[in-house]
Amino acid sequence: MSLILILSFLVTMLVVPWNISRAQSNATKNSQPDLIGVVKSISGSKITIYIAKLSSQSDGRGFGRSRVELTNKTQTITVSSKTSIVTKVFQNGQITEKKLSTKDLKTNNVLYIWYAESKKTNISKILVQGTYVLYQTPELIGVIKKVESSRITITVATIERPQPGQNTSNNQPQQRLASQPPQGGFGRGMMNLKLSSQTKTIAISKSTVIVTRTFQNGQMTEKKLTIKDLKANNIVYIWYSDSKKTTAKRIMVMGTYSQSSK
């Protein structure tokens, strides 16, 4: 009898750790997506994506975050009624999952994708991880002074993030500008928009893309604008289309500037 108990104990000691190890392995596997992509187009149940990968970047303070890097390879995936499509929302101090449908998906959405089986034919889950931002750092920042039919004149500006304990009071008007949430995270406080005495005229062509950003249903999306939508005192981020830096390829409206003394 004692021999049986000893054998049972040994079997338990061997099997339980193996089961725990297998569960942990599965949990690790499930936490990593099988495929990462950025939506190129959507047609019914078929989603064409640009295949992407994550690269870790340090912010210089010992902290890091993942950045989505796009490739030129595309792939078409098919969702079914069994595919779970969700996004993460922050409510009441907790992160929860919100169910979506293919109709909620938009071009440039970042998707984390899990397959239902090893053959990688059926999609079990898609997690929408925000919107891919192609343009990260503007070549020029300014506040619109005048809008004409095919060009804008801006007052050149810079963005300064005050250091802890730094006194930003001076005689120069500044605008506190909320930083845009980066991919996969939230903004790190407020930044000061500081105007210079320099003005610059930027040409706008038919191919110039003008957009603004809106935040709805836990997702940041871009809304297209025209030159007629631009107004004096709009804060704009500008990317050039030419090496001479005279014509805008892309203009992003970041809000309206209002003078205030700090």
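It should be emphasised that the depicted structure is a prediction, and the values quoted were computed from it without experimental measurement.
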Exercise for review: Please assess Leu140 against Lys200 for the test side chain to side chain contact (heavy atoms under 4.5 Å, CB included), listing each intermediate value before the final yes or no.
Suggested key: CA-CA 10 Å; Leu140 181 66; Lys200 190 173 179 66; 3.8 Å; yes
Practice item. Enumerate the residue pairs fulfilling salt bridge (charged side-chain N to carboxylate O under 4.0 Å, His left out) with a member in residues 226-242, sequence neighbours excluded, ordered by first and then second residue. Key: none
Check your understanding: If Ile, Leu, Val, Met, Phe, Trp and Tyr residues are connected whenever their side-chain heavy atoms lie under 4.5 Å apart, and connections chain through other members, are Val143 and Ile152 in the same group?
Key -> no
**Study point:** Nearest heavy-atom neighbours spanning Tyr132 and Val110
**Key:** N-CG2, 3.5 Å
Check your understanding: Should Leu127 and Val68 be counted in the same cluster of Ile, Leu, Val, Met, Phe, Trp and Tyr side chains packed under 4.5 Å apart?
Key -> yes
Review point. In the single-linkage hydrophobic clustering (I, L, V, M, F, W, Y; side-chain heavy atoms under 4.5 Å), do Ile141 and Ile144 co-cluster?
Key: no
**Study point:** Flag, side chain of Thr247 to backbone of Ala203, donor-acceptor distance under 3.5 Å
**Key:** no
Exercise for review: Work out which heavy atom in Leu105 is nearest to a heavy atom in Val128; give both atom names and the distance.
Suggested key: CD2-CG2, 3.5 Å
Point to revise | Side-chain heavy atoms of Ile204 within contact of Leu230, under 4.5 Å | key: yes
Check your understanding: Which value, rounded to the nearest 0.5 Å, describes the distance between Lys98 atom NZ and Thr87 atom OG1?
Key -> 8.0 Å
Point to revise | Residues which pass side-chain hydrogen bond (donor to acceptor under 3.5 Å, both in side chains) with Thr199, listed by chain and number, not counting sequence neighbours | key: none
Check your understanding: Do Asn234 and Thr256 pass the side chain to side chain contact (heavy atoms under 4.5 Å, CB included) test, and can you show the C-alpha distance, the side-chain angles, and the key distance before you say yes or no?
Key -> CA-CA 4 Å; Asn234 277 166; Thr256 302; 3.6 Å; yes
Enumerate, atom names and distances included, each donor-acceptor pair closer than 3.5 Å involving a side-chain atom of residues 42-50, sequence neighbours excluded.
residue : atom : partner : partner atom : Å
Lys46   : NZ   : Thr78   : OG1          : 3.3
Thr48   : OG1  : Thr76   : OG1          : 3.1

Exercise for review: For Glu139, enumerate each residue passing the side chain to side chain contact (heavy atoms under 4.5 Å, CB included) test, keeping only those at least two apart in sequence or located in another chain.
Suggested key: Trp239, Tyr240, Lys245
Practice item. State yes or no: do Val147 and Ile210 share one hydrophobic cluster built from I, L, V, M, F, W and Y residues joined by side-chain heavy-atom distances below 4.5 Å, directly or via other members? Key: yes
Review point. Looking only at heavy atoms, which two atoms of Asn109 and Asp104 are closest? And how far apart?
Key: OD1-O, 4.2 Å
Exercise for review: For the pair Leu193 and Met254, evaluate side chain to side chain contact (heavy atoms under 4.5 Å, CB included) and give the outcome as yes or no after the intermediate values.
Suggested key: CA-CA 11 Å; Leu193 184 70; Met254 300 295 293; over 6 Å; no
**Study point:** Contact summary for Ala52 and Val38, nearest pair of heavy atoms
**Key:** CB-CG2, 4.5 Å
Revision key, fill the gap. CG of Leu35 to CH2 of Trp114, rounded to nearest 0.5 Å, is 10.5 Å
Practice item. Starting from the C-alpha separation in whole Å, work towards a yes-or-no answer on side chain to side chain contact (heavy atoms under 4.5 Å, CB included) for Leu195 and Tyr257. Key: CA-CA 10 Å; Leu195 298 187; Tyr257 178 84; 3.6 Å; yes
Revision key, fill the gap. Taken to the nearest 0.5 Å, the spacing of Gln75 CD from Ile51 CD1 works out to 4.5 Å
**Study point:** Contact check, side chains of Thr74 and Lys40, non-hydrogen atoms, under 4.5 Å
**Key:** yes
Study note, to complete from the structure: Taken to the nearest 0.5 Å, the spacing of Ile238 CD1 from Ile154 CD1 works out to 4.0 Å
Review point. Could you state the interatomic distance from NZ (Lys249) to OG (Ser207), rounded to the nearest 0.5 Å?
Key: 9.0 Å
Point to revise | Non-neighbouring partners of Thr212 that pass side-chain hydrogen bond (donor to acceptor under 3.5 Å, both in side chains), sequence neighbours left out | key: none
Exercise for review: Kindly give the heavy-atom pair with the smallest separation between Arg250 and Val211, and that separation in Å.
Suggested key: NH2-CG2, 3.7 Å
Check your understanding: For the atom pair CD (Glu222) and CG (Asn108), what is the distance rounded to the nearest 0.5 Å?
Key -> 7.0 Å
Check your understanding: Which heavy atom in Arg151 sits nearest to a heavy atom in Ile227, and how many Å separate them?
Key -> N-CD1, 4.0 Å
Point to revise | Listed once per pair and sorted, the salt bridge (charged side-chain N to carboxylate O under 4.0 Å, His left out) pairs that draw on residues 114-130, sequence neighbours left out | key: Glu97-Lys125
Practice item. Would you kindly confirm whether Val253 and Tyr237 end up in one hydrophobic cluster when ILVMFWY residues are joined by side chain heavy atoms under 4.5 Å apart? Key: no
